[in-house]
Colleague: 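First, the structure itself, so that you have it in front of you.
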Amino acid sequence: MKKIILSTLVLAALSGPVAAQVKVGDPWVRATVPQQKATGAFMSLTAEKGTRLVEAKSPVAGVVEIHEMAMENSVMKMRAIPGLDLPPGKPVELKPGGYHVMLMELKEQMKDGQSVPITLVVEDRDKKRQSIEIKAVVRPLTHTMKKSGHSH
Ligand SMILES: [Cu+2]
């Protein structure tokens, strides 16, 4: 039994810098124009075991929140949520028009090609927290995003 646990740990450690429990796919941040104070970060999150995204931080933003888009009086609006459930093995997409990590009180302009460090904090069922450091690349708006209706 002990041996099995040990090898699982070794495999988790070898699976990459993004560590044990959550795989982060294609993280990116939407580029901003000068003076723009907020933007979104997007990625896909796949948890090996059920876990929950509970917090996000970034040195480029004074405030970072986890947001969802929801209908309110037939208008799509975004709002902060306390956490985002990541069911085991099922990718959760953070994308324009849906869930996103909201970067607010930006300290600098997000320019195309720039790399933005973001820390994601996940919590497992035992309330154990883990930080995941990622680097998101800044990408400009594209035509596919115009129909999302997600504006800041
Ligand atoms: Cu938002």
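In listed order, ligands and their atoms are each counted from 1.
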Colleague: Can you see which heavy atom on L120 is nearest to which on V101, and at what distance?
Modeller: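 Heavy atoms of L120 and V101 come nearest at CD2-CG2, 4.5 Å.
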Colleague: Which is the closest N/O/S atom of H67 when seen from the Cu ion (ligand 1)?
Modeller: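 Nearest to the Cu ion (ligand 1) within H67's N, O and S set: ND1.
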Colleague: Can you tell if the side chain of M43 reaches within under 4.5 Å of the side chain of W28, non-hydrogen atoms only?
Modeller: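 Counting from C-beta outward, M43 and W28 never come under 4.5 Å.
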Colleague: So, 2.8 Å as the limit: is an N/O/S atom of M78 located closer than that to the Cu ion (ligand 1)?
Modeller: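 For M78, the answer is yes, given that an N, O or S atom comes within less than 2.8 Å of the Cu ion (ligand 1).
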Colleague: Which salt bridge (charged side-chain N to carboxylate O under 4.0 Å, His left out) pairs, counting each pair once, include a residue from residues 96-122, with sequence neighbours left out?
Modeller: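 Non-adjacent pairs meeting salt bridge (charged side-chain N to carboxylate O under 4.0 Å, His left out): zero.
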Colleague: Identify every side-chain donor-acceptor pair in residues 90-98 under 3.5 Å, counting partners at least two apart or on other chains, and give the distances.
Modeller:
none

Colleague: Please give the atom name: the N, O or S atom of H100 nearest to the Cu ion (ligand 1).
Modeller: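 When I compare the N, O and S atoms of H100, NE2 is nearest to the Cu ion (ligand 1).
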